[in-house]
*Asks:* 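Sharing a structure with you now.
The structure displayed is predicted, hence computed values, not measured ones. Every heavy atom of this structure was used, including side-chain atoms; hydrogens, water molecules and symmetry mates were not.
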Amino acid sequence: MTVEKYDFSKEFKKIYISKQRPAPDPVAEEMKVRLQSHPPLGQVTRAEGGKLSLTAILEVPRARAQEPWEVALWLTVDGAEWREHALDRVEIDHQPQSLHPADASLSCTYFAGGLTFSNSIQFTLKLRGGQDQPWRWIRDEQGLNDGLVVAQTPAVLAGSLHDVIPDLSSAWKVKEHMSQAPQTKLWSLEADIANANGDASTFRDIDVGTPWGAYLRWFALVRLWAPWLAPRQGKDHLHLDQDAIMCSFLSPQGKTVTLLALSGVGNVLSTFRHTDRGGARNDGSSGEAIIILISQGNDFDHTVASVMYHARSIVSKIEHADSSWEADLRNFADQVKPEWKQNWYDGLGFCTWNGLGQGLTEQAVLDAVGTLAEHKVNVTSLIIDDNWQSIDYKGDGQFQYAWLEFEAEPKAFPNGLKSVVSRIRKEYPDIQHIAVWHALLGYWGGISPGGKIDQTYKTIEVIREDSKRRNLPLGGKMTVVAKEDVQRFYDDFYRFLTEAGVDGVKTDAQFMVDMWTSASARRDLIKTYLDAWTRASLRYFSVKAISCMSQFPQALFHSQLPQNRPPLLVRNSDDFFPEIPASHPWHVWANAHNSIFMQYLNVLPDWDMFQTVHDYSGFHAAARCVSGGPIYITDVPGKHNMELIHQMTGVTVRGKTIIFRPSVLGRSIYPYTGYDDDLLLKVGSFHGASQTGTGILGLFNISARPLLELIPLADFPGTSASSEYVVRAHNTGKVSKPMTPGSPGSLTPMSLDVRGYEILCAFPLTSFAGPKHKNGRTCTLGLIGKMTGCAAIVSSSVRQRGNGRVSVTTRLKALGVLGVYVSTLPRMTIDGDFMVTIQDKPVPRGRVSVSRRAECVLEVDVATAWDEMGLGGGRGDEVEVTVDFDA
């Protein structure tokens with residue numbers, strides 16, 4: 001018998017359809033004229049020293065390229081009257097470098113101008129085909145909002161919190177703290193909340209106030225519904241459709257204040273309500289404190305770090321008070337094997353959920369892994385998702401069904417769980433880890449009354465509230481294991497799984513503990529279940545666990561924030577819904593913004609599985625690669641995009657298939673830009689050491705129409721104004737000329753169609769000079785052809801000997817094609833100037849070539865050369881490549 005699943009898509013489709021954009025203006029579409037600038041229209045940008053250098057890109061049909069096009073700003077400076085400011089044409093030699101092939105039907109012209117100001121500039125753009133033509137307003141034709149530039153002034157921190165929030169309620173007790181983030185000021189607000197009244201929780205709302213009395217933009221992370229976070233943005237009026245856990249505000253002077261509602265301390269759940277009011281719930285039997293943390297500074301990231309670091313210190317003090325818990329965590333951390341992390345975090349995974357559909361059976365699982373092997377899709381981890389358990393099928397659908405016993409469903413898995421796991425391990429040894437799905441409380445509806453589990457452990461009956469955000473049948477009674485037996489229940493269950501050969505879990509529906517109406521049940525069981533699961537998962541599976549539907553405040557702060565344990569994989573957003581087209585851009589958008597908060601937890605954000613044969617497959621793949629999290633697919637067996645899989649993965653010298661995770665998690669770098677602003681989503685990440693590592697920028701068109709933008713080098717995380725870089729585009733393989741952040745030539749034009757994406761990487765350059773080449777530059781590009789091939793670099797160095805010989809040495813974690821940028825390559829020959837070695841042995845000449853897509857890139861086919869040279873494993877899983885040439 002199989003579970004009849006609830007169709008989530010019917011309910012969630014209502015939300016995603018509302019996120020679709022209106023069709024482009026037919027007049028502008030017919031004219032095929034596009035105009036955008038940097039700083040861009042529709043975005044708030046900060047400029048240092050009150051100086052604005054603006055560059056605009058005008059794209060017109062080639063047949064109209066010779067018309068005397070004019071572009072002008074219509075702007076107000078420091079609140080003065082609106083006026084016109086003409087922009088000058090940019091000569092060809094000084095135009096930004098495109099890394100995408102030119103469209104033969106279109107022509108691009110650049111315009112530029114400079115302005116000075118004290119506080120801010122608000123502007124839009126207009127254009128015309130000559131002085132005899134009327135001006136055309138870009139707001140009317142492309143629907144782009146005004147751009148806003150605010151002066152980036154030196155950090156001036158507020159003297160008191162009342163300087164930041166003038167109308168702060170007197171009900172709050174204010175305390176100043178030492179901030180752990182640079183150039184920020186930190187305070188806490190505390191207010192008493194009374195104890196629960198019998199079994200009814202106590203609620204209290206207190207006004208917080210309006211930052212600076214007025215603000216330009218706001219960003220918030222709200223509880224989309226009980227299990228998930230989602231971003232919200234707005235302008236001068238805070239409007240929350242759901243309770244928020246974090247809110248940030250941008251002042252007219254370019255300053256940011258971030259507010260964090262702290263939960264997981266005691267029995268208080270704190271959020272910012274739908275309005276501007278703060279709110280809290282106390283489930284405790286005694287009075288407790290509501291805690292809000294507030295940080296002010298010039299930089300958004302620093303203010304978020306300030307409140308999160310202080311929240312971490314508060315929670316840490318509570319954690320350290322439990323000495324037995326501390327001892328357990330130290331033991332668990334000591335037992336974590338490096339190869340487990342490598343396989344679980346960095347191996348390609350397969351999940352049965354979307355790929356096998358709802359009728360999961362033993363044979364379906366065996367057929368799926370067999371088909372994967374036949375198609376040479378080498379996965380390291382297998383997740384057997386929902387529908388393997390023994391369920392009672394009583395009640396109104398999936399959310400009422402409850403769990404009977406540990407053993408697998410007898411009709412779908414007639415030979416038991418151990419049998420199917422053993423067969424997989426025997427027949428497909430490349431699958432290192434096999435995990436199974438289960439709900440935190442057992443199943444969606446808890447434990448089945450009268451079943452084996454109910455008879456073995458003490459249980460209680462609790463009441464779930466109906467979902468206010470979703471029309472899901474969640475309400476009513478459910479049976480769960482009682483507090484006294486929760487730890488024994490988890491120990492016994494995970495011992496059963498371990499004996500069956502299972503070595504990982506995906507524990508879902510964790511939010512259910514926050515749906516209970518009873519204050520005593522919440523007080524006794526929320527932390528009990530969270531702690532018992534954490535202990536058991538670490539004890540039996542180490543890092544091989546995924547926490548899912550757990551973005552509710554108590555789990556975020558109590559379980560995921562503490563640093564005294566190995567990092568946990570945590571699902572970072574609502575699900576991947578393959579059948580809802582409008583959900584896909586929103587899915588990536590939500591993940592990118594949720595990671596702003598999640599990056600400070602002790603977790604590895606999991607952006608969910610996806611399918612490689614899908615209209616948005618490349619879009620999702622690129623997002624997963626820049627996320628810094630795991631990658632696992634849920635393909636229908638036999639339907640695989642092998643080229644896309646190869647772009648995400650590589651094979652080590654020991655034959656393992658791995659992904660390339662950047663060392664810094666990916667997150668949105670423009671939090672105040674709204675989903676409907678028709679601007680590219682920019683996801684920033686970084687790989688390697690500070691100053692010498694690679695800045696990564698994932699670009700995604702989340703709009704319903706093509707978008708054109710100018711991307712500044714300064715947007716890449718980790719770039720420095722004192723260094724030179726080259727930028728490489730993954731999709732085209734093109735590489736820019738050397739550039740410096742903030743310089744006139746440091747813009748990259750980027751045009752992306754609907755569903756379009758690109759990954760740009762900024763590589764720092766090392767200079768060399770010698771008798772042949774007076775001013776050369778070089779760097780390692782990592783494995784080209786991989787979406788985040790820079791993350792294949794374990795280490796790299798450039799050394800010039802006294803005789804002028806330059807050595808570029810790169811250690812890689814996988815095989816592939818290595819790219820090395822050498823600015824003087826067009827004036828050199830491979831035979832006359834280069835010597836390439838792998839593990840100190842010469843590489844066959846035929847495996848070294850000049851890139852056909854970038855004339856300054858030397859390519860070394862390490863994978864083919866490795867086989868031809870008969871090299872062994874060498875230094876672990878790493879391979880060392882050295883490129884020598886004369887300067």
Side-chain angles (χ1 to χ4, degrees), residues 1-8 226-227 352-353 356-365 384-420 436-467 470-486 488-497 500 502 505-513 515-518 521 525 529 532-533 548-549:
M1 188 171 184
T2 59
V3 177
E4 183 177 335
K5 295 291 181 190
Y6 180 83
D7 187 358
F8 283 87
T352 63
W353 179 245
L356 300 191
Q358 318 251 317
L360 192 65
T361 65
E362 174 181 316
Q363 193 58 49
V365 174
I384 300 174
D385 214 295
D386 194 356
N387 207 16
W388 69 271
Q389 292 168 280
S390 296
I391 307 303
D392 64 6
Y393 308 105
K394 296 178 181 178
D396 184 19
Q398 171 189 349
F399 297 111
Q400 303 297 325
Y401 296 161
W403 196 21
L404 289 164
E405 60 173 316
F406 292 163
E407 187 52 86
E409 209 286 321
K411 292 184 179 179
F413 292 80
N415 299 304
L417 183 63
K418 183 174 183 177
S419 174
V420 66
V436 295
W437 180 100
H438 72 89
L440 181 68
L441 302 174
Y443 200 67
W444 295 99
I447 304 302
S448 180
K452 288 185 179 180
I453 296 174
D454 182 50
Q455 294 172 13
T456 306
Y457 306 95
K458 181 179 179 180
T459 59
I460 62 170
E461 192 175 81
V462 294
I463 305 296
R464 287 184 294 183
E465 64 182 12
D466 287 322
S467 172
R470 298 287 190 272
N471 185 25
L472 304 179
L474 292 175
K477 297 178 181 179
M478 69 184 304
T479 298
V480 299
V481 175
K483 180 177 182 178
E484 298 89 331
D485 273 0
V486 172
R488 182 168 70 92
F489 159 73
Y490 263 106
D491 284 335
D492 291 348
F493 176 39
Y494 282 3
R495 190 178 301 112
F496 163 80
L497 292 179
V502 172
V505 286
K506 176 183 177 182
T507 305
D508 207 347
Q510 298 200 21
F511 74 101
M512 287 292 185
V513 296
M515 299 290 289
W516 295 332
T517 59
S518 162
L525 291 177
Y529 267 95
W533 179 76
C548 192
M549 300 185 91

*Asks:* Under the criterion side-chain contact (heavy atoms from CB on, under 4.5 Å), I'd like the reasoning laid out for E407 against K418: C-alpha separation, chi angles, the key distance, then a yes or no.
*Replies:* CA-CA 9 Å; E407 187 52 86; K418 183 174 183 177; over 6 Å; no
*Asks:* Go through the structure and list residues passing side chain to side chain donor-acceptor pair (under 3.5 Å) with E484, not counting sequence neighbours.
*Replies:*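 Only K458 meet the side chain to side chain donor-acceptor pair (under 3.5 Å) criterion with E484.
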*Asks:* Can you tell me how far CD of E461 sits from NZ of K477, rounded to the nearest 0.5 angstrom?
*Replies:*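 Going from the NZ atom of K477 to the CD atom of E461 covers 4.5 Å.
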*Asks:* Can you see which heavy atom on A482 is nearest to which on I460, and at what distance?
*Replies:*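 Of all heavy-atom pairs spanning A482 and I460, the closest is CB-CG2, 3.7 Å.
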*Asks:* Using every non-hydrogen atom in the two residues, find where F413 and N387 come nearest and quote the distance to one decimal.
*Replies:*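 Here F413 and N387 meet closest at CE1-O, 4.1 Å.
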*Asks:* Is the shortest side-chain heavy-atom distance between W388 and V365 below 4.5 Å?
*Replies:* no
*Asks:* Roughly how far, to the nearest 0.5 Å, is OH of Y401 from CD1 of I391?
*Replies:* 10.0 Å
*Asks:* Can you list every salt bridge (charged side-chain N to carboxylate O under 4.0 Å, His left out) pair that touches residues 389-399, not counting sequence neighbours?
*Replies:*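 Residue pairs passing salt bridge (charged side-chain N to carboxylate O under 4.0 Å, His left out), neighbours aside: none found.
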*Asks:* Go through it in stages, so that I can follow the logic: the residues are V480 and V486, the test is side-chain contact (heavy atoms from CB on, under 4.5 Å), and I'd like the CA-CA distance, side-chain angles, deciding distance and then a yes or no.
*Replies:* CA-CA 9 Å; V480 299; V486 172; over 6 Å; no
*Asks:* I'd like to check the side chain to side chain donor-acceptor pair (under 3.5 Å) partners of K483; sequence neighbours left out, ordered by chain and number.
*Replies:*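 In terms of side chain to side chain donor-acceptor pair (under 3.5 Å), with neighbours along the sequence ignored, K483 is linked to no residue.
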*Asks:* Anything under 30° is parallel, anything over 60° is perpendicular, the rest tilted; go ahead and classify W437 against Y443.
*Replies:* perpendicular
*Asks:* Looking at every non-hydrogen atom in both residues, tell me the closest pair between D386 and L360 and how far apart they are.
*Replies:*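 Result for this residue pair: O-CD2, 3.6 Å.
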*Asks:* Heavy atoms only: give me the nearest D454-I447 pair and the separation to one decimal.
*Replies:* N-CG2, 3.8 Å
*Asks:* As an exercise, state the distance from CG of L441 to CZ of F511, rounded to the nearest 0.5 Å.
*Replies:* 9.5 Å
*Asks:* Measure the CD-CD1 distance between Q455 and I453 for me, rounded to the nearest 0.5 Å.
*Replies:* 10.5 Å
*Asks:* What's the verdict on side-chain contact (heavy atoms from CB on, under 4.5 Å) for Y490 and V481, showing C-alpha distance, side-chain angles and the deciding distance?
*Replies:* CA-CA 10 Å; Y490 263 106; V481 175; over 6 Å; no
*Asks:* Check whether R464 reaches the backbone of M515 with its side chain - one donor and one acceptor, N or O, closer than 3.5 Å.
*Replies:* no
*Asks:* Strictly below 4.0 Å, N to O, side chains only: are R488 and D491 in salt-bridge contact?
*Replies:*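 Salt bridge absent between R488 and D491.
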*Asks:* Between G446 and M478, which heavy-atom pair has the shortest distance, and what is it?
*Replies:*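 So the two residues come closest at N-CE, 3.6 Å.
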*Asks:* Would you call the rings of W403 and H438 parallel, tilted or perpendicular, taking 30° and 60° as the class edges?
*Replies:*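 Ring orientation, 0 to 90° scale: parallel.
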*Asks:* Roughly how far apart are L356 CG and T361 OG1, rounded to 0.5 Å?
*Replies:*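 Answer for the CG-OG1 pair, L356 versus T361, is 8.5 Å.
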*Asks:* Less than 4.5 Å apart, any side-chain heavy atom of D492 and any of F406?
*Replies:* yes
*Asks:* I need the minimum non-hydrogen distance between S448 and L404, along with the two atoms involved.
*Replies:*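 Minimum heavy-atom contact is OG-CD2, 3.5 Å.
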*Asks:* First locate atom CD of E362, then atom CD of E409, and finally report the distance between them rounded to the nearest 0.5 Å.
*Replies:*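 That separation rounds to 11.5 Å.
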*Asks:* Using the ring of each side chain (for Trp, its six-membered ring), is W444 parallel, tilted or perpendicular to F399, with breaks at 30° and 60°?
*Replies:* perpendicular
*Asks:* Is a donor on one side and an acceptor on the other found under 3.5 Å between the side chain of T352 and the backbone of D385?
*Replies:* yes
